[in-house]
Protein chains: 2
Amino acid sequence: MDETQIQQVRRFNRVVTQRVGVLHEHYLGRDRPVGEARLLWEVGERGQDVRQLRERLGLDSGYVSRLLRSLEDDGLVVVEPSARDRRVRTVRLTEAGRAEHALLDARSDELAGSLLEPLNAGQRARLVAAMAEAERLLTAATVTLDAVDPAHPDAEHCLRRYFEELAERFDTGFDPARSLLPDAGELRLPRGLFLVARLHGEPVGCAGLKLPPDAPAEIKRMWVAPSARGLGLGRRFLAELEARAAEQGREVLRLDTNKTLSAAIGLYHSAGFQEVPAFNDEPYAHHWFEKRVARRVEG
Amino acid sequence: MDETQIQQVRRFNRVVTQRVGVLHEHYLGRDRPVGEARLLWEVGERGQDVRQLRERLGLDSGYVSRLLRSLEDDGLVVVEPSARDRRVRTVRLTEAGRAEHALLDARSDELAGSLLEPLNAGQRARLVAAMAEAERLLTAATVTLDAVDPAHPDAEHCLRRYFEELAERFDTGFDPARSLLPDAGELRLPRGLFLVARLHGEPVGCAGLKLPPDAPAEIKRMWVAPSARGLGLGRRFLAELEARAAEQGREVLRLDTNKTLSAAIGLYHSAGFQEVPAFNDEPYAHHWFEKRVARRVEG
DNA sequence: TCCATTCTCTGACCTTAGTCAGACACTGAG
DNA sequence: CTCAGTGTCTGACTAAGGTCAGAGAATGGA
């Protein structure tokens, strides 16, 4: 990795933790502990199960319980058993809690304003644009790719959303029964693998790789959630699958796609795939691509 | 202020405090408390007075003392009376302390690397560019402008540097005695004022305003430290002085300058100043400018 | 020389943040 | 109905981070 890039990132980290980080805690926790304030914020207008709160903030169950008790004593939240499962308890804001939440919201605005305030209009516009770019790319860097079993709930969630989207976009609709679908076993090692992309634990994309013993490796069911598009995730899936195919000693990677998926087709071209004649008779495919696998792929 | 800008800044703050802030603490304080690690870092290769450490980190004197004791017990620093003033104690790293410092340095590199690592080369370049821009503008927004007495040490420091720079840049050198210098009283209210710009407490620029009762307001001795150039500070001084002149009921602002200060001349033009015939006989001036003061000036 | 001031340190004290081991209530499969 | 598992809570504990009021040494100007 480039040394000057590292140095720039470090300068950024220093300035930002000072200017944003410290102020952030200061604004947030002006009259209550930061932990309580974060929890109150996370409960939000719509309420949350205790379990979700614990997970999102990454806190110990005993600790969350105590924080909630303290907020309850201050009359900011009520905690009551969930209707569906009486072990689960759900938290919602009281009127006073909503007011406190609005106060935190206003403070967050205030902090943002204080960052822009000393700048003139041109500088503000440039700062906001740079922040948008940095935010987008940092978010992209936060996405993790993990190999999971295709029966994993996150994998199933992605596949369901994927099929829904195909049904909506294809001129002909989409019926999984008519398509050449690999069975789950074909996307499990050693016959294949299945990747899920997650952002803050939520699944936001998937991609499968078939590794048939007697044919080239094949990419199947690549999908990126609408909320995660524009993060370069498709390209990252391709690179990751290519690296994994290389690890398995494969030299060729191929895939088929539908003509309505124009963004994907553009991606395949720009990632070095060449269009080839049909290598299968998938009824929903209009284009077939192939790529010679690179020995080593950089990040 | 623009609502969509505020929202973008808030999104940025959220992503960055999560991604950078949390990781930062995690990397920094892996095997010692964050407070100690920060202090050790701040001591640095060259050593520091206890007083400076306290000021830079904004910590209580008792607390710093205790942290230093703990670092001393671990053999990482030595604390000894300063030669100049035996009340002051100075801290420097031991050999072990230097090693620990290097470790923190390496971790900081590691953190920076982990932010870039999941991205491809193009994304990395764009992230680093956006970070550089954001860092520069956040730094610019951190600079404060305060009216001070022209005899204040920070004001004198700036003026000394200003004269040194003029002496170096003017073809003819610069002798303050030959120039039309306002005496200090002319840069004190009600006859004038003097602004100092500071970044993290350090003076990085100055600008004076003369408010003679029988003549237009006049900008004098505007200077920006080389380390703080490119932050739009000159433009900010002009806007601030214009606003203050307007507050004092002035309608015209003027100034003179030397031909070698081409960046300043460009700034005056772009800030709406018009070149006018000489209105004084300052021997070091080649250009004279004037501007009608706006009623209200935006940030 | 005296005295107010400056600088650092110590002791006493406090809150926040967090961990861990159980206790208890509830659920769902068999 | 039983029982293993799940979700939450309580009590007991710890470390980190910090505040405050002096004590004591050194300084610098009158």
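Treat the numbers as computed from the prediction; the structure is a model and nothing was measured. Side-chain atoms are counted along with the backbone in the values below, which use heavy atoms only and exclude waters and symmetry mates. Below, chain A is the first sequence line, B the second, and so on; all start at residue 1.
- Remark: A:Asp85, A:Arg86, A:Arg87 in residues 84-92 of chain A come within less than 4.0 Å of DNA chain C through at least one heavy atom.
- Not a single donor-acceptor pair, N or O on each side, falls under 3.5 Å between the base of C:dC7 and the side chain of B:Ser61.
- At most 12 heavy atoms of other shown residues, nucleotides or ligands fall within 6.0 angstrom of atom CD in B:Glu55.
- Heavy-atom contacts of chain B under 4.0 Å fall on DNA chain D between two terminal nucleotides, which in 5' to 3' order are D:dA16 to D:dT27.
- For C:dC9, one of the phosphate oxygens OP1 or OP2 lies less than 4.0 angstrom from a side-chain nitrogen or oxygen of B:Arg69.
- Counting only residues at least two apart or on different chains, no ring pair (Phe, Tyr, Trp, His ring centres under 6.0 Å) pair has a member in residues 56-77 of chain B.
- A salt bridge between A:Arg51 and A:Asp85 is absent, with no side-chain N of the basic residue lying under 4.0 Å from a carboxylate O of the acidic one.
- Between B:Gly62 and A:Gly62, it is B:Gly62 whose nearest contact on DNA chain C lies nearer the 5' terminus.
- A salt bridge is absent between A:Glu80 and A:Arg89; no separation between the charged side-chain nitrogens and carboxylate oxygens falls under 4.0 Å.
- For the contact set between residues 35-55 of chain B and DNA chain C, defined by any heavy atom under 4.0 Å, the members are B:Val50, B:Arg51, B:Arg54.
- Under a 4.0 Å N-O distance rule, the pair A:Arg107/A:Asp31 qualifies as a salt bridge.
- In this structure, the side chain of A:Glu36 does not engage the main chain of A:Pro33 through any donor-acceptor pair within 3.5 Å.
- Following rounding to the nearest Å, A:Arg66 (CZ) and C:dT19 (P) show an atom-to-atom distance of 12 Å.
- Note on A:Arg32 versus A:Glu100: salt bridge recorded, some NZ/NE/NH1/NH2 to OD/OE distance being below 4.0 Å.
- The nearest heavy atom of DNA chain D to A:Leu68 and to B:Pro33 marks one nucleotide each, and the one closer to the 5' end goes with A:Leu68.
- Using a distance-only test at 3.5 Å, with no hydrogens or angles considered, a donor-acceptor pair links the side chain of B:Thr94 to the main chain of B:Leu76.
- A salt bridge links A:Arg69 with A:Glu72: the distance from a Lys NZ or Arg NE/NH1/NH2 to an Asp or Glu carboxylate oxygen falls below 4.0 Å.
- Rounded to an integer number of Å, the gap from CG of A:Leu67 to C1' of C:dT19 is 13 Å.
- Residue A:Val64 is out of contact with every strand shown, counting any heavy-atom pair closer than 4.0 Å.
- The distance between atom CG of A:Leu57 and atom C1' of C:dG18, rounded to the nearest whole Å, is 14 Å.
- Salt-bridge check for B:Glu45 with B:Arg92: failed, with every basic side-chain N at 4.0 Å or more from each acidic carboxylate O.
- DNA chain C is contacted by B:Val79 of residues 73-82 of chain B, taking any non-hydrogen atom closer than 4.0 Å.
- Each of A:Arg84, A:Arg54, A:Arg87 was checked for a salt bridge (Lys or Arg N to Asp or Glu O under 4.0 Å) with A:Asp49, and the lone residue meeting it is A:Arg84.
- Under the rule for a ring-ring contact (aromatic ring centres under 6.0 Å, His included), the partners of B:His101 that lie at least two apart in sequence or sit in another chain are B:Trp41.
- Taking a cutoff of 4.0 Å between a charged side-chain nitrogen and a carboxylate oxygen, A:Asp105 and B:Arg10 qualify as a salt bridge.
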